[in-house]
Amino acid sequence: MRPPASARPAGRLGRTIALVGLTAGLLAAAPAAVSAATPGADDTPTGDAAARGCERAFDRAVRAYVDTTARRDLDGFAALLHPDVTSVFASDGEVLDGKRATVDWLRRFFADDSWTQSFSVAKQTVVGCQTGFVLFDSVYAVPATGTRVPLLIGVSYTYQHGRWLVLQNQDSVGRI
């Protein structure tokens, strides 16, 4: 709802205030995971500085992967996925091809609030602004049933259009 004309700042000041308000609203509405996987303003220089910027952006993408899983944030997690992502599960060897299949599976998985999952980075590698890999030691648990499954989760990323996107996610029975 707009305030009456008599209560609105006039001219250029009014347009500036409106633009600042619109910009703040749009930024507040942007998914946190997308910004977490996207480099910041200081992440785009050339050479060694570019590589460090990409590493920082990769760290944010890895944190977003863990955070969106913990919050069961389907939209945030989906924003981290490459359209051609492949997911492989240790429990039955099921392979999901593409973002749509992965998001459909995650929708059911995130809807179940009976489980918890831990993530500890066992290995992390970044190759410039091209590829990245993280290996998690993880425990999937269902406290009510006493289920506790140790997993190794390998996640391969690609850097595309200024963002780190998950290209492959594979679980295997782990070592924890």
Side-chain angles (χ1 to χ4, degrees), residues 23-24 26-91 93-107 109-110 115-141 149-176:
T23 302
L26 289 173
L27 289 174
V34 172
S35 64
T38 305
D42 63 338
D43 294 339
T44 57
T46 59
D48 290 341
R52 285 191 304 275
C54 286
E55 288 173 11
R56 286 191 303 271
F58 184 74
D59 289 342
R60 289 192 300 272
V62 169
R63 280 193 308 275
Y65 178 99
V66 172
D67 293 345
T68 56
T69 301
R71 291 191 320 267
R72 293 167 173 75
D73 175 3
L74 183 62
D75 292 334
F77 197 97
L80 300 171
L81 300 176
H82 187 279
D84 298 324
V85 66
T86 300
S87 299
V88 183
F89 299 102
S91 60
E94 181 179 10
V95 178
L96 303 175
D97 293 314
K99 185 173 182 175
R100 182 181 198 140
T102 301
V103 169
D104 287 346
W105 185 90
L106 284 168
R107 184 173 286 110
F109 183 60
F110 283 179
W115 57 269
T116 63
Q117 192 161 9
S118 66
F119 293 91
S120 175
V121 174
K123 178 180 176 72
Q124 183 169 311
T125 305
V126 180
V127 179
C129 294
Q130 299 171 9
T131 62
F133 174 78
V134 63
L135 181 66
F136 294 108
D137 272 321
S138 177
V139 176
Y140 168 82
V149 180
L151 298 169
L152 284 174
I153 301 173
V155 184
S156 296
Y157 290 78
T158 185
Y159 192 74
Q160 231 176 33
H161 307 294
R163 295 183 51 222
W164 285 105
L165 298 173
V166 174
L167 190 56
Q168 197 220 12
N169 188 101
Q170 181 166 346
D171 300 351
S172 59
V173 176
R175 62 182 179 214
I176 289 184

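Side-chain N or O atoms of Thr68 include one that pairs as donor or acceptor with a backbone N or O of Ala64 at under 3.5 Å. Of the possible donor and acceptor atoms, one in the side chain of Ser138 sits under 3.5 Å from a partner among the backbone N and O of Ser118.
Partners of Phe89 under the ring-ring contact (aromatic ring centres under 6.0 Å, His included) rule, at least two apart in sequence or in another chain, are Trp105. Not counting sequence neighbours, the partners of Val88 by the side chain to side chain contact (heavy atoms under 4.5 Å, CB included) test are Thr86, Val95, Gln168, Gln170. Judged as a side chain to side chain contact (heavy atoms under 4.5 Å, CB included), and not counting sequence neighbours, the contacts of Val126 are Glu55, Phe58, Trp164.
Once rounded to the nearest 0.5 Å, the distance linking CG of Leu165 with OG1 of Thr158 reads 7.5 Å. Rounded to the nearest 0.5 angstrom, Tyr157 OH and Gln124 CD are separated by 8.5 Å. Asp75 CG to Leu106 CG: the interatomic distance, rounded to the nearest 0.5 Å, is 11.5 Å. In this structure, CG on Leu167 lies 7.0 Å from OG on Ser156, to the nearest 0.5 angstrom. Interatomic distance, Glu94 CD to Asp171 CG, rounded to the nearest 0.5 Å: 11.0 Å.
Taking all atoms of both residues into account, the shortest heavy-atom contact from Thr102 to Ser87 is OG1-OG, 3.4 Å. For the pair Phe109 and Gln117, the tightest heavy-atom approach, listed with the atom from each and the gap, is CZ-OE1, 4.2 Å. The two residues Ala122 and Asp137 make their nearest non-hydrogen contact at CB-OD2, 3.9 Å. Heavy atoms only, all atoms of each residue included: Ala90 and Ser172 are closest at CB-CA, 3.5 Å. The shortest non-hydrogen separation linking Phe136 to Val155 is CE1-CG2, 4.1 Å. When every heavy atom of Val166 is checked against every heavy atom of Val85, the shortest pair comes out as O-CG2, 3.4 Å.
In this structure, Phe119 and Val62 have side chains that are not in contact, with every pair of non-hydrogen atoms separated by 4.5 Å or more.
The pair Asp59-Arg56 does not count as a salt bridge, with every side-chain nitrogen at least 4.0 angstrom from each carboxylate oxygen.
For Tyr65 and Phe77, the ring centers are positioned less than 6.0 Å apart.
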